[in-house]
Amino acid sequence: MPSPQSAEPSTPGRIILTPPKSTGKPQITLTVMAGPEQGQVFKVSRPTTILGRSTTCEIVVTDPLVSRQHCQIMLGMGGISLKDLGSTNGTFLNGARVTENPLRSQDVISIGGTRLRFALEVSKDSEDSRTPKIDELAHKKLLTLYEVGNIVNSVLELKTLLSIIMAMAIKVMQANRGFLLLRDKAGDLKPAATHALTPAEAQAPYSQTIVDTVLRERVPVLVLDAIHDVRFSGRESLKALPLSSVICVPIWERENIVGVIYVDKAEGTTTFNEEDMYFLSAFANQAAVAIANAKLFDDVRREERLRTSLQRYLSPNLVDEMVEKTGALSLGGEKRKISVLFCDIRGFTTLTEKEPVETIVGLLNEYFSAMSEVIFANNGTLDKFIGDAVMAIYGAPLELKDGAYKAVKTAIEMRDKLAKLNEKWKAEKKPQIQVGYGLNTGEAIVGNIGSERRMEYTAIGDMVNTASRVEGETEGGQIFITEETFQELGNAVKVNKLKSVSLKGKSAKVQIYEVMGLTGPS
């Protein structure tokens, strides 16, 4: 494929890859007030115009104090701006040195010893009766980039933003239809916003061939005669509507094309031209910034929703890791080896019959808060509160190499914490409580279980039921573990081996151990 600089002059039916000619109608003017080029008027119509001593610049300034590429004027949706390009002697706007600053009509730009006056104008000196219409359209496009940019860049809701972008593109390009396509998670381009003048036009397909050409050649594409272009003859998408011309331009994110803007005109209307194509390219460049901002905002909101959900049952450090690794919270589960801890208040029903409701609620809230802190401190997941019981899991959603050790450590620290609470409650003349602890280790199904409207992260399976049944065998202050947890801990735990017990739902007796203490990590 020839480069844009070497492309042949355009002819009807060709895909145009050449840049717009610098002799086109001006959109802004720069008048040299002082310097070697004093008196000259430069006309600017490109989205980016570079000023400097180099002959490759769009505006050549021979002032020896001017750098080879000194500064540039940019026409964007956010307005017209002046940007210094790392010049030696700096760029000044109305006497103040600037790095990048908006431009307004009659501003004075100083580079080296040269001063230029910036003006926004529409030429009226052509004898061609059609010229005022062309100038009006050019002015309208410039004002679109200048004025509407603030609106687009202030919209942070992605769906609304995409709809606004397409509505603006249709209006300023005087197109019949427009499609904005963005890459999905799989990398495929999918329509994200569609605008058309009639429902029938909206239903007709766009040309995938033209879109593929933009992606393959990585350049904007202008088709001047869509119906008679031999390359597209026979294409169903172009047969569906009689089209006069099509423009399709890439949406860039750094070096990658993340989408395209595609507009077309019906047969019998005016056709697009090269300047239309390059205007839409500039429009797409500014739209890309707005889209990136909206996506970032969506990511932040999604992360906050995920973080809020995870904070209900995970410690803060695990929440950070989970958000970083997953970025989403959805239904589904997997088999995982975990350790499960159940703890339950002994004689709670009797306690509720003796004490006022306010006392019981206050007691439980203080107890649950203290126990949750211990669970989180040991990287556990607070599965749920079941009445007066607590269920915690270790090893999910994030894996723990020492999950069984952390689970037993949690039980011991819970018991110690409760002892301090009981001392406090005694001093406050409140009832004291006793708690039993049961643990098991093995494979379970873990994940977000429920419905799209309400779900919770939990563990289910026989090993979970066993942990609950083992906890039921304890007296207040006892910590019982199964054979599986004991084997997982090895020499890290001090235990008393107890008699095997028959548990509900188990055909064989279950060997249990009472934890007396820990010797250190396994």
Quiz item: Is a donor on one side and an acceptor on the other found under 3.5 Å between the side chain of Asp184 and the backbone of Ala186?
Solution: yes
Quiz item: Residues in side-chain contact (heavy atoms from CB on, under 4.5 Å) with Lys426, at least two apart?
Solution: Gln432
Validation: residues 368-377 side-chain donor-acceptor distances under 3.5 Å, sequence neighbours left out:
{"unit_1": "Ser369", "atom_1": "OG", "unit_2": "Asn365", "atom_2": "O", "d": "2.8"}
{"unit_1": "Ser372", "atom_1": "OG", "unit_2": "Phe368", "atom_2": "O", "d": "2.8"}

Quiz item: Is a side-chain N or O of Thr485 found less than 3.5 angstrom from the main chain of Thr441, in a donor-acceptor match?
Solution: yes
Practice problem: Report the residues that fulfil side-chain hydrogen bond (donor to acceptor under 3.5 Å, both in side chains) with Arg183, sequence neighbours left out, ordered by chain and then residue number. | Solution: none
Exercise. Let me see the working for Val260 and Phe179 under side chain to side chain contact (heavy atoms under 4.5 Å, CB included), right down to the final yes or no.
Key: CA-CA 8 Å; Val260 300; Phe179 300 88; over 6 Å; no
Practice problem: Applying side-chain hydrogen bond (donor to acceptor under 3.5 Å, both in side chains), name anything that partners Lys417, two or more places apart in sequence or on another chain. | Solution: none
Exercise. Spell out, as yes or no, whether a donor-acceptor pair under 3.5 Å connects the side chain of Ser281 to the backbone of Val249.
Key: no
Quiz prompt | Closest non-hydrogen atom pair, Val211 against Leu189 | solution = CG1-CD1, 3.8 Å
Exercise. Taking all heavy atoms of Val470 and all of Gly438, pick out the closest pair and write down the distance.
Key: CG1-CA, 4.2 Å
Quiz item: Who pairs with Glu399 by side-chain hydrogen bond (donor to acceptor under 3.5 Å, both in side chains), at least two apart in sequence or on another chain?
Solution: none
Practice problem: Please check if atom CD in Glu428 has more than 12 non-hydrogen atoms from other residues, nucleotides or ligands closer than 6.0 Å. | Solution: yes
Quiz item: What is the minimum heavy-atom distance between Ala193 and Met166, and which atoms define it?
Solution: CB-CG, 3.7 Å
Self-check item: Non-neighbouring partners of Tyr513 that pass ring-ring contact (aromatic ring centres under 6.0 Å, His included), sequence neighbours left out
Solution: Phe486
Quiz item: Do Asn422 side-chain atoms and Ile433 backbone N/O form a donor-acceptor pair below 3.5 Å?
Solution: yes
Quiz item: Sub-3.5 Å donor-acceptor pair from the side chain of Thr474 to the main-chain atoms of Glu471, do we have one?
Solution: yes
Practice problem: For Ala427, enumerate each residue passing the side-chain contact (heavy atoms from CB on, under 4.5 Å) test, keeping only those at least two apart in sequence or located in another chain. | Solution: none
Practice problem: Give the C-alpha distance, both sets of side-chain angles, the deciding distance and a yes or no for side chain to side chain contact (heavy atoms under 4.5 Å, CB included) between Tyr278 and Leu222. | Solution: CA-CA 10 Å; Tyr278 278 89; Leu222 165 64; over 6 Å; no
Self-check item: Pair Arg177-Thr194, side-chain donor/acceptor within less than 3.5 Å
Solution: no
Quiz item: Pairs in or reaching into residues 493-502: which pass side-chain hydrogen bond (donor to acceptor under 3.5 Å, both in side chains), with residues at least two apart or in two chains?
Solution: Ser500-Gln511
Self-check item: Residues that Ile460 engages under side-chain contact (heavy atoms from CB on, under 4.5 Å), provided they are two or more places apart
Solution: Ile445, Ile449, Thr458
Exercise. Locate the shortest heavy-atom distance separating Ser163 from His195; write the atom from each residue and the value.
Key: O-NE2, 3.1 Å
Self-check item: Point-to-point distance, once rounded to the nearest 0.5 Å, from CD of Glu473 to CD1 of Ile512
Solution: 6.0 Å
Quiz item: Is any side-chain heavy atom of Ile251 less than 4.5 Å from a side-chain heavy atom of Leu180?
Solution: yes
Exercise. Verify side chain to side chain contact (heavy atoms under 4.5 Å, CB included) between Val408 and Leu489, making sure each step is shown before the conclusion.
Key: CA-CA 9 Å; Val408 175; Leu489 288 166; 3.6 Å; yes
Quiz item: For Tyr405 and Ala492, which heavy atoms make the closest approach, and how far apart are they?
Solution: CD1-CB, 4.1 Å
Quiz prompt | For Asp84, all residues meeting side-chain hydrogen bond (donor to acceptor under 3.5 Å, both in side chains), sequence neighbours excluded | solution = Ser87, Thr91
Quiz item: Quick one: side-chain contact (heavy atoms from CB on, under 4.5 Å) partners of Arg218, sequence neighbours excluded?
Solution: Trp252, Ile257
Quiz item: Taking atom NZ of Lys159 as the centre, does the number of heavy atoms from other residues, nucleotides or ligands within less than 6.0 Å exceed 12?
Solution: no
Quiz item: Quick one: are Val435 and Tyr367 in side-chain contact, heavy atoms under 4.5 Å?
Solution: yes
Practice problem: Kindly compute the distance separating CG (Leu280) from CG (Asn285), expressed to the nearest 0.5 Å. | Solution: 10.0 Å
Quiz prompt | Donor-acceptor contact present, side-chain Thr381 to main-chain Ala396, <3.5 Å | solution = yes
Quiz item: Is a side-chain donor or acceptor of Tyr206 paired with a backbone partner of Asp264 at a separation under 3.5 angstrom?
Solution: no
Quiz prompt | For Asn440 against Met463, the heavy-atom pair lying closest together | solution = ND2-O, 3.0 Å
Exercise. Name all residues meeting the salt bridge (charged side-chain N to carboxylate O under 4.0 Å, His left out) criterion together with Glu253; count only those two or more places apart in sequence or in a different chain, and write none if there are none.
Key: none
Self-check item: Neighbour count >12 (heavy atoms, 6.0 Å) for atom CZ, Arg216
Solution: yes
